[in-house]
There are 2 protein chains.
Amino acid sequence: MSLTHRVPDLGALELLLAVARHGSLGRAAREVGITQPAASSRIRSMERRLGVALVDRSPRGSRLTEAGALVTDWARRVVEAAEAFDAGAQALRDRRDSRLRVAASMTIAEYLLPGWLIALRAGRPDTAVSLRAGNSAAVAEALLAGDADLGYVEGLAVPPGLDGVVVGRDRLLVVAAPRHPWARRRAPLTPAELAATPLVLREYGSGTRQVLDSALAGHGGVAEPLLELASTTAVKAAAVTGAGPAVLSELAVTEELASRRLVAVPVAGAEFRRELRAVWPAGHRPTGPARDLLGLSRPGD
Amino acid sequence: MSLTHRVPDLGALELLLAVARHGSLGRAAREVGITQPAASSRIRSMERRLGVALVDRSPRGSRLTEAGALVTDWARRVVEAAEAFDAGAQALRDRRDSRLRVAASMTIAEYLLPGWLIALRAGRPDTAVSLRAGNSAAVAEALLAGDADLGYVEGLAVPPGLDGVVVGRDRLLVVAAPRHPWARRRAPLTPAELAATPLVLREYGSGTRQVLDSALAGHGGVAEPLLELASTTAVKAAAVTGAGPAVLSELAVTEELASRRLVAVPVAGAEFRRELRAVWPAGHRPTGPARDLLGLSRPGD
DNA sequence: ATGAGCCCATAAACTGACCTTATGAGCCTC
DNA sequence: GAGGCTCATAAGGTCAGTTTATGGGCTCAT
């Protein structure tokens, strides 16, 4: 039936990665903390389930088969997503009294922060991080009230009372399903055309909506939306199924663009960039773990 | 301990997504094929494990909490990776006698094909697909011998005896850890500099290596590699930890670039693009399921 | 050549997570 | 207030994955 019955569980995938690294079932077993027979049986049952031999066993160790190498690469992506899940969830848990309290806008919390937290944990395993997600105003408020040590916002400017540095850039992209007429255009869209067309947008789109509104203000403003949906993913899904063009953060659609489930439509003349900034109360440069995290998120310096 | 104890299993994540979609535990349970009490207990145990309330229960249904919405988005990425795993693995299983036999180069098989197969399954659930991965020569051979119905290759030209269409473009990027001096350069690298620098490269890098060699042939050829590693991921890992600059497919590093674990270094004057092509025996345009898959991979037409 | 040390496989028994069925309680609509 | 929906709790069954114990194959050094 469903995924669960066809895809091995995370433990099995981790075990497979360990086998790939070590070239031995026994040593892989030790790494993930089980005994060798358990590993043997688990890999075998995974091979049965997939119907493909994954490792070549020999008295001198085990190597991945060609198919095994491919499966391992797919498994790695699943495990990496699970690590990001874990890093985010762990930060979400420690509501109060954490050593490092971070407040971030939704896009950053969703797509970037988990990666930074994985890196932070690699360097400082004992740092407990807590995370609050909200719009720019909420982030600023948390920082100024002393409820957060470091913030991340996306938008056009640093909120008043805060200092900040740019840690990345994001673009809003106009995307459409490959079958949509816009996907085949030669000429870029004009801002006026975009403004006149009903789009699929986020409902509570503070970040996205704000940039879009200000970019199109001079062209008559954004048209009445075709659909207003509650989550980024809902918007993506609507766009993929061809409901209409959507405007989404570049970070949210890298996957879909690579696999061509969505196509980016160039727009002439309008600037849809927005800065991603780390912010803190004016005059109080972050110290301690906040400084470490800041360093990870702007690694160029 | 490890990931498995902190991250809910795939079934629980799917259930959570179903709850988000339906706004009700009971209906979500029905969707994933379990009973309502099972769903209730599973969601509860997930909340206990994460230490965060995920859904607001009420006599009129259940809605995600704010934290729940964030967790659900992370969960979705895990589930999507699992779906890609499944699509790939399923194709790998049906070695022989499948209705649609695909041969693809490694990069395409790894990063793009699973997405296309998910889409193919959505439209034609009963099509059994089999997959062989290999370099361009192996793909061509399989097609000409009648062992494959459709092929995908990356490279500079269509192999002799085949027809093909471009289904996408890929760039090779020079990437370095954020702390590497190249990450802070203002001026683009010159091809000669690149050619003179020892790099981290794939060992059996037919595709990547071929493009790199030909692009740098006029500048003295590629220097002796710093490291030669067996998998794309090993190369990425080495680059991230600062072993040295690497040259990798854009498709392989979108994640790392977005989270700034790696930085792309511009190169002046050298063209590192390569075409991704669907190919078939000359004169035998694909029909049936092969045509469907071809349509999915070049959705622009 | 023979024993030590690595590799993996198999067998039997234990454990626990997850499932189902059965039931109850709260809220809303008619 | 009956019937619809919602979710929670309790009791019992099932099965995957675990451990411990054992055996066989290969290689290397003595």
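All values below were derived from every heavy atom in this structure, side-chain atoms included, with hydrogens, water molecules and symmetry-related copies excluded. So that the names make sense, note that chain A is the first sequence line, chain B the second, and so on, each numbered from 1.
Nearest nucleotide to the S62(B) side chain, out of dC18(C), dT10(C), dC7(D): dC7(D). The side chain of R49(B) has dC18(C) as its nearest neighbour among dC18(C), dC19(C), dG17(D). Side-chain proximity of R30(A) to dT19(D), dC7(C), dC8(C): nearest is dC7(C). Side chain of P37(A), nearest nucleotide from dC19(C), dA21(D), dA8(D): dA21(D). Here the nucleotide nearest the side chain of L25(B), chosen from dC7(D), dC19(C), dT18(D), is dC7(D). In this structure, the nucleotide among dT9(D), dG17(D), dC27(C) sitting nearest to the side chain of S45(A) is dG17(D). Between dA8(D), dT10(C), dT20(C), one nucleotide has an atom nearer to the side chain of A38(B) than all others, and that is dT20(C). Residue S41(A) has its side chain nearest to dT18(D) when only dT9(D), dC26(D), dT18(D) are considered.
R57(B) has its CZ atom 16 Å from the P atom of dC27(C), to the nearest Å. A straight line from CZ of R48(B) to P of dA8(D) spans 12 Å, rounded to a whole angstrom. Put simply, CD on Q36(B) is 13 Å from C1' on dG26(C), counting in whole angstrom units. Atoms NE2 (H22(A)) and P (dC6(C)) sit 15 Å apart, rounded to a whole Å. Remark: P of dA17(C) and CG of L15(B) are 18 Å apart, rounded to the nearest angstrom. Look at CD on E47(A): it is 12 Å from P on dC8(C), rounded to the nearest Å. Residue I43(A) contributes atom CD1, which lies 10 Å from atom P of dA9(C) at whole-angstrom precision. Between the CZ atom of R27(A) and the C1' atom of dC8(C) there is a distance of 13 Å, given to the nearest Å.
Side-chain N/O atoms of R42(A) include none lying less than 4.0 angstrom from OP1 or OP2 on dA16(D). Taking side-chain N and O atoms only, S40(B) has no distance below 4.0 Å to OP1 or OP2 of dC7(D). Neither OP1 nor OP2 of dC5(D) sits under 4.0 Å from any side-chain N or O of R60(B).
D9(B) comes within contact range of the sugar-phosphate backbone alone, with a heavy-atom separation under 4.0 Å but no base atom that close. Using a 4.0 Å heavy-atom criterion, one finds that S24(A) contacts the sugar-phosphate atoms exclusively. When heavy atoms are screened at a 4.0 angstrom cut-off, S58(B) is found touching the sugar-phosphate backbone but no base atom.
Here the shortest heavy-atom pairing between T232(B) and R202(B) reads OG1-NH1, 3.1 Å.
When side chains are defined from C-beta on, L131(A) counts as touching L70(B), because their heavy atoms get closer than 4.5 Å. At least one side-chain heavy atom of T72(B) sits under 4.5 Å from a side-chain heavy atom of L17(B).
Within the 3.5 Å criterion, the main-chain N or O of V55(A) finds a donor-acceptor partner in the side chain of R57(A). Judged purely by atom type and a 3.5 angstrom limit, T127(B) has no side-chain atom pairing as donor or acceptor with the backbone of P289(B).
A side-chain donor from one of T233(B) and D73(A) sits under 3.5 Å from a side-chain acceptor of the other.
In R60(A), the CZ atom is not crowded: 12 or fewer heavy atoms of neighbouring residues, nucleotides or ligands sit closer than 6.0 Å. Residue E31(A) qualifies as enclosed at atom CD: its count of foreign heavy atoms under 6.0 Å is above 12.
The terminal axes of the helix from dA1(C)-dT30(D) to dC30(C)-dG1(D), fitted over 5 pairs per end, subtend an angle of 20° to the nearest 10°.
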